[in-house]
Amino acid sequence: MKALLTGGAGYIGSHTAVAMLEAGHEVAVIDNYYNSSAEAIRRVEKITGKNINMYEADVADKDKLRDILKTEMPDCIIHFAGLKAVGESVEKPVEYYRNNIDTTLALLEVMKELGLTNIVFSSSATVYGEDNVPPFTEDMPKGRCTNPYGWTKWMQEQILTDAQLASASAAAASGTDGDGAAELSVVLLRYFNPVGAHESGMIGEDPKGIPNNLMPYISQLAVGRRDHLTVFGDDYDTPDGTCRRDYIHVMDLAEGHVKAAEYCAAHKGTEVINLGTGEPYSVLDMVKAFGEACGSPVRYEIGPRRAGDVQDSWADADKAKRLLGWEASRGIREICRDAWKWQSGNPEGYGE
Ligand code: NAD
Ligand code: UD1
């Protein structure tokens, strides 16, 4: 199939591009490089020995988007493009709602014009909110989000679900009058905590500024770009007192997208699917595993809890296995090994 990846130069998009190309699919990318670099795409081409049709454009620019989609006419769109920094979304909510919602609306409008029907969306476990108890299953009611970023994911899920429902009704009606309306296929992927890097160490996570997330922070600490790690709270009701998360290797996640895109192109309707491992690890588990991977213990101190953190978050990963025939195969040892390979080989990231 031909897949079009919005935001494909970013962290998860670039790893998914590798997995799609290696599975024999064609890949085109639209990215405005707001939070990424063209170097990531060059490296994906180097890893795979295959070409990517790269378009530098804002997905919310409907005229450009129409031109690109008309040229590519992809079998499936994987929609990664979006702003994702939780703290920044609290300071700049309007920018977050504008960018994240507009990109999705523009895609839906242009897809309808061109008769394109298949879309996979990057959602987040954050939509389970604070009140659900893990392991999270896809049929749990969505919760209240703790920040505007989370709400944009919540809302985009709703927009895509409503658009799919309307398309199904229109398609059913056109069965009688024959105007050929096409039913959408929507797959909403809820990621848990994507971490690690491609096994080659050539591509990886390259956050701008001081990382907010645990694993990129530890990686930068290990190459001397940060001074020490603060563990946000050790008084939670967990075995070692620190929060537990479902850390998933980004290449497992990428391979999940290959299966999800194939599923999306072959079905109609809306499916919500968790992409996680189903295994929780604590902050201190990750600190220890990274120290073992890089050969020296990670320096840390215990600090206060971070506002907005939930104690526990992990997936029930059964639906992905059942529907997509996919499950994560890499553990925290591989995660830390590959994150270290990327960061030690590229201490300043892509450096652009
Ligand atoms: P990323 O920032 O590395 O990638 C997003 C890409 O989208 C970037 O390359 C950016 O330049 C591009 N982009 C943003 N707005 C755009 C626009 N209007 N037009 C064109 N390109 C645009 O982030 P990522 O970690 O790869 O995340 C990908 C998706 O997955 C995002 O939607 C994110 O919210 C979601 N997600 C990420 C995580 C995570 O932990 N990384 C967890 C859950 C969900
Ligand atoms: C965060 C976001 C979530 C988003 C996800 C993307 C918040 C509240 N949540 O989730 O919405 O979908 O990133 O991956 O920001 N930690 C430390 N010290 C640090 C950094 C983190 O102790 O310097 C701890 C955190 O308290 C948490 C764990 O490490 O317990 C993981 O944190 P992080 O990587 O930021 O991910 P989440 O909080 O799960």
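All ligand and atom numbering here is 1-based and tracks the order in the structure.
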Q: Give yes or no for whether the N/O distance cutoff of 3.5 Å, strictly under, is met between Asn193 and ligand 2.
A: yes

Q) How far does CD1 of Ile52 sit from CD1 of Ile41, to the nearest 0.5 angstrom? A) 4.5 Å

Q) Does Phe192 reach ligand 2 with a nitrogen or oxygen that is under 3.5 Å from one of the ligand's nitrogen or oxygen atoms? A) no

Q) Are any of the N or O atoms of His79 closer than 3.5 Å to those of ligand 1? A) no

Q.
Side chain, backbone, both or neither: which applies to Asn99 and ligand 1 if a contact is any heavy-atom pair less than 4.0 Å apart?
A. side chain

Q: For ligand 1, find out whether one of its N or O atoms is nearer than 3.5 Å to an N or O atom of Tyr191.
A: no

Q) Is a side-chain donor or acceptor of Asn100 paired with a backbone partner of Gly82 at a separation under 3.5 angstrom? A) no

Q. Of the listed options (Asn213, Leu229, Asn212, Leu284), which comes nearest to atom 14 (O) of ligand 2 when hydrogens are ignored and any heavy atom counts?
A. Asn213

Q. Got a second to check how far Asp246's CG is from Asp312's CG, nearest 0.5 Å?
A. 11.5 Å

Q | Check ion pair Arg42-Glu39 (N to O, under 4.0 angstrom) | A | yes

Q) What residue and atom, counting heavy atoms only, is the protein's closest point to atom 17 (C) of ligand 2, and at what distance? A) Phe232 CD1, 3.4 Å

Q. Does Lys153 have a heavy atom less than 4.0 Å from any atom of ligand 1?
A. yes

Q.
Under 4.0 Å from a heavy atom of Val283: which atoms of ligand 2 are those, numbered in the order shown and with their elements?
A. 22 (O), 24 (C), 28 (C), 29 (O), 30 (O)

Q | Region of Thr126 that comes within reach of ligand 2 [heavy atoms, distance under 4.0 Å] | A | side chain

Q.
Would you say the ring centers of Phe80 and His15 fall short of 6.0 Å from each other?
A. no

**Q.** Shortest protein contact, atom 38 (O) of ligand 2 (heavy atom only)
**A.** Arg306 NH2, 2.8 Å

Q) In terms of atom number and element, which parts of ligand 1 are under 4.0 angstrom from non-hydrogen atoms of Gly10? A) 3 (O), 4 (O), 9 (O), 26 (O)

Q. Starting from atom 26 (O) of ligand 2, which protein heavy atom do you reach first, and at what distance in Å?
A. Asp309 OD2, 2.6 Å

Q: Report yes or no: do Leu214 and Ile210 belong to one cluster of Ile/Leu/Val/Met/Phe/Trp/Tyr joined by side chain heavy-atom distances under 4.5 Å?
A: yes

Q) With a cut-off of under 6.0 Å to the ring centre and 45° to the axis, is Lys142 in cation-pi contact with Trp154? A) yes

Q | atom 18 (N) of ligand 2: nearest protein contact (heavy atom, Å) | A | Thr230 O, 2.8 Å

Q) Short list, please: which atoms of ligand 1 are under 4.0 Å from a heavy atom of Tyr34? A) 11 (O)

(Q) Heavy-atom pairs closer than 4.0 Å: do any link ligand 2 to the side chain of Tyr247, the backbone, both, or neither? (A) side chain

Q: Distance to 0.1 Å, residue and atom name: give those for the protein heavy atom nearest to atom 2 (C) of ligand 2.
A: Val86 CG2, 3.5 Å

Q: Could you tell me whether the side chains of Thr6 and His79 share a donor-acceptor contact shorter than 3.5 Å?
A: yes

Q: Return the option from Lys64, Lys84, Glu205, Met215 holding the heavy atom at the smallest distance from atom 25 (O) of ligand 1.
A: Lys84

**Q.** Connected via hydrophobic side-chain network under 4.5 Å: Leu188 and Phe192
**A.** no

Q. Salt bridge between Glu292 and Lys288, side-chain N to carboxylate O under 4.0 Å?
A. yes

Q: Could you pull out, from Ala40, Ser89, Ser14, Ser123, the option with a heavy atom nearest to atom 44 (C) of ligand 1?
A: Ser123

Q) Would you say the ring centroid of Phe136 lies under 6.0 angstrom from that of Tyr128? A) yes

Q. Using heavy atoms and a threshold below 4.0 Å, how should the contact between Thr146 and ligand 2 be classified: side chain, backbone, both, or neither?
A. neither

Q: Below 4.0 angstrom from a heavy atom of Gly7, which ligand 1 atoms are there? Numbered from 1 as shown, please.
A: 6 (C), 7 (O), 12 (C)

Q. Atoms of ligand 1 less than 4.0 Å from Tyr33 heavy atoms?
A. 11 (O)

Q) In this structure, which one of Thr117, Leu184, Ile119 forms a side-chain contact (heavy atoms from CB on, under 4.5 Å) with Gln164? A) Leu184

Q) Do ligand 2 and Arg245 have nitrogen or oxygen atoms that lie under 3.5 Å from each other? A) yes

**Q.** For Ala57, atoms of ligand 1 separated by under 4.0 Å from a heavy atom
**A.** 19 (N), 20 (C)

Q) Which residue supplies the protein heavy atom nearest to atom 34 (O) of ligand 2, what is that atom called, and how far is it? A) Leu214 N, 2.9 Å

Q) Given Ile12, Asp58, Leu253, Val59, which one has a non-hydrogen atom that is nearest to atom 26 (O) of ligand 1? A) Ile12

**Q.** Option with minimal heavy-atom separation from atom 36 (N) of ligand 1, where the choices are Tyr149, Tyr11, Tyr96, Phe80
**A.** Tyr149

Q | Per-residue contact class, Ala125 against ligand 1 - non-hydrogen pairs under 4.0 Å | A | neither

Q: Please say whether more than 12 non-hydrogen atoms of neighbouring residues, nucleotides or ligands are located less than 6.0 Å from OH in Tyr33.
A: yes

Q. What atoms in ligand 1 come closer than 4.0 Å to a heavy atom of Ser122?
A. 29 (C), 30 (O), 32 (O), 35 (C)

**Q.** Nearest atoms (heavy-atom pairs only) where Thr230 meets His228
**A.** OG1-NE2, 3.8 Å

Q.
Is a donor from one side chain sitting under 3.5 angstrom from an acceptor on the other, for Glu88 and Tyr149?
A. no

Q) Quick one: which ligand 1 atoms are inside 4.0 Å of a heavy atom on Thr103? A) 18 (N)

(Q) Looking only at side-chain N and O atoms, does Arg43 offer a donor or acceptor that is under 3.5 Å from a partner on Tyr350? (A) no

(Q) Show me which atoms of ligand 2 lie under 4.0 Å from any heavy atom of Cys243. (A) 30 (O)

(Q) Any nitrogen or oxygen of Val231, side chain or backbone, less than 3.5 Å from one on ligand 2? (A) no

**Q.** Donor-acceptor contact below 3.5 Å, side chain Arg337 vs main chain Glu199
**A.** no

Q. Would Ser122 and Tyr191 count as having a side-chain donor-acceptor pair, cut-off 3.5 Å?
A. yes

Q. Measuring from the heavy atoms of Ser124, does anything fall under 4.0 Å of ligand 2?
A. yes

**Q.** Under the side-chain hydrogen bond (donor to acceptor under 3.5 Å, both in side chains) test, residues paired with Asp234 that sit two or more places apart
**A.** none

